[in-house]
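So the structure is just underneath, and the comments pick up after that.
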Amino acid sequence: ADLVGLDDAGFRSRYGRTAVARTKRRGLLRNVAVALGNSGDVSRVAPLEHLAQDDDPLVREHAQWALARLRSRTREESA
C-alpha cells in the first residue's frame with residue numbers, strides 16, 4: 001500500500017536500474033491495485049481510492065476494479 005503515492009520521479013529514483021523498471025510505473029501500480037483487491041483486506045480501501053484518482057487510465061481502471069472486489073467481498077461476508 002505504501003507504493004500508491006509513487007509518482008514518476010519517485011518510481012525512477014527507486015526502480016530506475018532494476019528489472020521493475022521494465023513494467024513502468026503504470027504496470028507496477030496496476031499490479032499493486034490487483035494485489036490489494038485480491039487481499040480481501042478492507043483497510044486497503046483508502047489506498048485504492050487514491051489510485052482510483054491516478055492520472056493513468058490503466059491504474060484508475062484497475063483500482064476501480066479492486067475497490068468493487070473489496071466491496072463485494074464485504075457485502076458477501078455481511079450477508
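All figures in this text were calculated on a predicted structure; none of them were measured in a lab.
- Between K24 and D8 there is no salt bridge, since no side-chain nitrogen of the basic residue lies less than 4.0 Å from a carboxylate oxygen of the acidic one.
- Under the 3.5 Å distance criterion, the side-chain polar atoms of S13 are left unmatched by any main-chain donor or acceptor of G10.
- Counting only distance, with no hydrogens or angles, the side chain of H62 and the backbone of L58 share a donor-acceptor pair below 3.5 Å.
- Taking each heavy atom of A52 and A63 in turn, the nearest pair found is N-CB, 3.5 Å.
- Pairing each heavy atom of L29 with each of L3, the nearest pair is CD2-O, 3.3 Å.
- Between the side chain of R60 and the main chain of D55, a donor-acceptor pair closer than 3.5 Å is present.
- Across all non-hydrogen atoms, the minimal contact from A21 to G16 is CB-O, 3.8 Å.
- Among all heavy-atom pairs drawn from D54 and R25, the shortest one is OD1-NH2, 2.5 Å.
- Between V20 and F11 there is a side-chain heavy-atom pair separated by less than 4.5 Å.
- Here the closest heavy-atom approach between residue G37 and residue W65 is recorded as CA-CZ3, 4.4 Å.
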*asked:* Using the rule given for side-chain contact (heavy atoms from CB on, under 4.5 Å), can you reason through L28 versus L6, listing the C-alpha separation, both sets of side-chain angles and the distance that settles it, and then say yes or no?
replied: CA-CA 10 Å; L28 176 66; L6 199 59; 4.0 Å; yes
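- Taking CG of L48 as the start and OG of S43 as the end, the distance is 10.0 Å to the nearest 0.5 Å.
- Residues L36 and D41 form no side-chain contact, since every pair of their non-hydrogen atoms from C-beta on lies 4.5 Å or further apart.
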*Where do R71 and E49 land on the salt bridge (Lys or Arg N to Asp or Glu O under 4.0 Å) test, with the steps shown first?*
CA-CA 12 Å; R71 290 176 178 145; E49 287 175 339; 3.0 Å; yes
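- Hydrophobic cluster membership is shared by Y15 and V32, with clusters built from Ile, Leu, Val, Met, Phe, Trp and Tyr side chains linked at under 4.5 angstrom.
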